[in-house]
Amino acid sequence: MAARTHTVTNQAPPLVGYDLFATDRALAEAVERHLPPEACEEVRAELSALGRSAGSAQVQEWATLAHTYPPRLRTHDRYGNRIDEVDFHPAWHRLLGRSVAAGLAGGAWDRPGGHVRRAAGFLLVSQTEAGHGCPLSMTHAAVPALRTEPALAAEWEPLLASRVYERDPRPPLEKAGVLLGMGMTEKQGGSDVRANTTRAEPLAEAGAYALTGHKWFCSAPMSDGFLVLAQAPEGLSCFLVPRVLPDGTRNAFALQRLKDKLGNRSNASAEVEFDGTTWARRIGDEGQGLHTIMGMVAATRLDCVLGSAALMRQAVAQAVHHATYRSAFGRLLVDQPLMRNVLADLALESEAATVLGMRLAAAYDVAEAGPEAGPEAVPEAVPGAGSPGDGADAEHERQLLRIAVPVAKYWVTKRCTPVVAEALECLGGNGYVEESGLPRLLRESPLNSIWEGAGNIQALDVLRVLHREPAALNAFLTEVGRARGADHRLDRAIRDMLAELADLEGMEARARRLVERMARVLQGALLVRWAPTEVADAFCASRLGGDWGLTFGTLPHTVALGTVVERARPVV
């Protein structure tokens, strides 16, 4: 019997038992926009099923368990044999198996509209639990690198695209589905991977090598194989390292320790030692390792954008949900003008991130299909971007990705932490308590800004593109130019951006400032074209027009705050 003093009132109900896809209007509209009409019904049903699963009490409980009981390294068995195993809570395997079954690993590359479908699904599952997104992302992104060696891709790609999750360590080609990890970073080099010292020595078998060295950071060390960079006789090269060899013996892949990370605690990240007997298969030519693996890096950078967009969306959904039920000073929080301003400001940032991430996913679909695939292979992916299957259209998308991915990776991942922190504050003390889920989102929020090249690396990459690849800048300017004339603040921001691009003085020191401006202009252009008028107006007034403060909740009072907030509400 409950004590009279313990009656609970004025608390929001748990945000559970709802469809994360159907209640995310920005995401649902993006899927409709970037897929052909005949595919939309099927994809909506597929994503709604995934959205309901992600919003269920069961899956939310799995996420909690996976973080409460993080992975544990077992280097040896009871007899002293080296085994290098990572033990996970069963909840982790359930989460990963569910997402693999949903096609979120390596199956996007040959499916019409596959990148848009996968990006939307990745956004959904990452809202509930972000850690298991790492092996999904590595597996998805490995496909372009493997295709450098067609024979190798023919063996491995069907396994990467499989919807079967097999956790047991066995020879990869004997399994129904596999996952891949990656090892580039070394302690002396970090992002400067050309400084890698791991050595690759050719073996008698053609294309086979033995590796000797140490990786300071290996992503998803429980995977079936890994893409690794090492110095071959002709220079830095890329290698595929299977965890189990064809005869069933373990490859020499010694896990020294698991990283004790700020967030992402459900996912294992390890330091790895290669002792000179490791068997590896070269991918691409010797000396071309960085070029080979950059296709993987680009795809994982886009997943960083999508992962950050997912965290923002979940944080905003929690904040709006709380304010919808919580009262203070005689009114619901959501009805109070100042709180409504904060919520609307957060919702704008979330929607802009989602729209940009999904636009880039659509670009992958067009760019990968290419003109040789024929019109039927290319969805009506990008309104205004050219006719489907047209060679110029595919080339535009390829060039746009080259510059827009690092721009988006820099900006969206940087915006994630302040958005999550402000959303947490909307819940007050409730948000600071672990049970709310917001602290886990906050710990996760800086991650995507660091992985696959931190902010400076992204900004410098944009500068390299500007100096060396004029076609990429032309594609970017064409993209934002499609919205010119629709909003005077956007037009002025485009002019200011062009002036800054024309000024080469001190460009490196101004790189972050320039990339930030490019990101906001691109987001503004996309919202002006596709978002409701109220959303585009509020974004352009604040982010481009300068009518904004230094913290969230400082939108001009004249914008349609209530409409923007209502659009972000997760209806249960």
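Along the sequence shown, residues carry numbers from 1.
- Using a 4.0 Å cut-off between charged nitrogen and carboxylate oxygen, E397 and R359 count as a salt-bridge pair.
- One N or O on the side chain of Q60 and one on the backbone of L15 form a donor-acceptor pair closer than 3.5 Å.
- A salt bridge is defined here as a Lys NZ or Arg NE, NH1 or NH2 lying under 4.0 Å from an Asp or Glu carboxylate O, and R567 with E29 meets this definition.
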Give the table of side-chain donor-acceptor pairs shorter than 3.5 Å for residues 151-161, with sequence neighbours excluded, one pair per line with atom names and distance.
| unit_1 | atom_1 | unit_2 | atom_2 | d |
| --- | --- | --- | --- | --- |
| E157 | OE1 | R147 | NE | 3.1 |
| E157 | OE2 | R147 | NE | 3.4 |
| E157 | OE2 | R147 | NH2 | 2.5 |

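- Judged by distance alone, the side chain of S308 and the main-chain N or O of V305 form no donor-acceptor pair under 3.5 Å.
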Test ring-ring contact (aromatic ring centres under 6.0 Å, His included) on H93 and W62; report intermediate values, then the result.
CA-CA 9 Å; H93 295 293; W62 290 347; over 10 Å; no
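- Under 3.5 Å, the side chains of N264 and E444 contain a donor-acceptor pair of N or O atoms.
- Scored by the side-chain contact (heavy atoms from CB on, under 4.5 Å) test, T563 finds E534, A560 as partners (sequence neighbours excluded).
- Atom CD of E349 and atom CE of M312 lie 6.5 Å apart (nearest 0.5 Å).
- In summary, E516 and K414 do not engage in a salt bridge, as defined by a charged side-chain N under 4.0 Å from a carboxylate O.
- Looking at L20 and Q314, their side chains come closer than 4.5 Å, going by heavy atoms from C-beta outward.
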Passes side-chain contact (heavy atoms from CB on, under 4.5 Å), K175 versus D168? Steps please.
CA-CA 9 Å; K175 300 180 71 172; D168 297 330; 5.6 Å; no
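- Ion pairing between a basic and an acidic side chain is recognised when a charged N comes within 4.0 Å of a carboxylate O; E395 and R398 show such pairing.
- The distance from the CG atom of L438 to the NE2 atom of H322 is 10.0 Å, given to the nearest 0.5 Å.
- Between the side chain of T148 and the backbone N or O of I283, no donor-acceptor pair lies under 3.5 Å.
- Counting heavy atoms from C-beta outward, L136 and L96 have side chains that approach closer than 4.5 Å.
- The CG atom of D487 lies 10.0 Å from the OG1 atom of T533; values are rounded to the nearest 0.5 Å.
- Defined by atom type and a distance below 3.5 Å, a donor-acceptor pair is present between the side-chain atoms of S53 and R98.
- Taking a 6.0 Å sphere around CD of E38, one finds it holds more than 12 heavy atoms contributed by other residues, nucleotides or ligands.
- Between K409 and E452 there is no salt bridge, since none of the side-chain N atoms of the basic residue sits less than 4.0 Å from a carboxylate O of the acidic one.
- Of the possible donor and acceptor atoms, one in the side chain of D365 sits under 3.5 Å from a partner among the backbone N and O of V116.
- Applying the salt bridge (Lys or Arg N to Asp or Glu O under 4.0 Å) rule to pairs touching residues 122-133 yields nothing, sequence neighbours excluded.
- Aromatic pair H34/W530: ring centres closer than 6.0 Å.
- Checked by atom type and distance alone, the side chain of R484 never pairs as donor or acceptor with a backbone atom of V480 at under 3.5 Å.
- A parallel orientation is assigned to the rings of Y69 and H89, their planes being inclined by less than 30° (bins at 30° and 60°).
- Relative ring orientation between H115 and H140 is described as perpendicular, the plane-to-plane angle rising above 60° on a 0-90° scale split at 30° and 60°.
- Between R25 and E351 there is no salt bridge, since no side-chain N of the basic residue sits under 4.0 Å from a carboxylate O of the acidic one.
- Looking at S126, its side chain never comes within 3.5 Å of a backbone N or O of L123 through a donor-acceptor pair.
- Considering only heavy atoms from C-beta on, M184 comes within 4.5 Å of I293 through its side chain.
- Using modelled atom types and a 3.5 Å distance limit, the side chains of T324 and R569 yield a donor-acceptor pair.
- Residues V528 and F539 form no side-chain contact, since every pair of their non-hydrogen atoms from C-beta on lies 4.5 Å or further apart.
- Side-chain contact check for P570 versus Q318: every heavy-atom pair is 4.5 Å or farther apart.
- A donor and an acceptor atom, one from each side chain of H132 and S99, are located under 3.5 Å apart.
- Separating the OG atom in S219 from the CZ atom in F226 is a distance of 10.0 Å, to the nearest 0.5 Å.
- A donor and an acceptor atom, one from each side chain of T413 and N448, are nowhere located under 3.5 Å apart.
- Between the T292 side chain and the C238 main chain, no donor and acceptor come within less than 3.5 Å of each other.
- Although no hydrogens or angles enter the test, the distance criterion places no donor-acceptor pair under 3.5 Å between the side chain of R529 and the main chain of A483.
- For T139 (side chain) and A105 (main-chain N/O), no donor-acceptor pair under 3.5 Å exists by modelled atom type.
- Looking at R340, its side chain never comes within 3.5 Å of a backbone N or O of V565 through a donor-acceptor pair.
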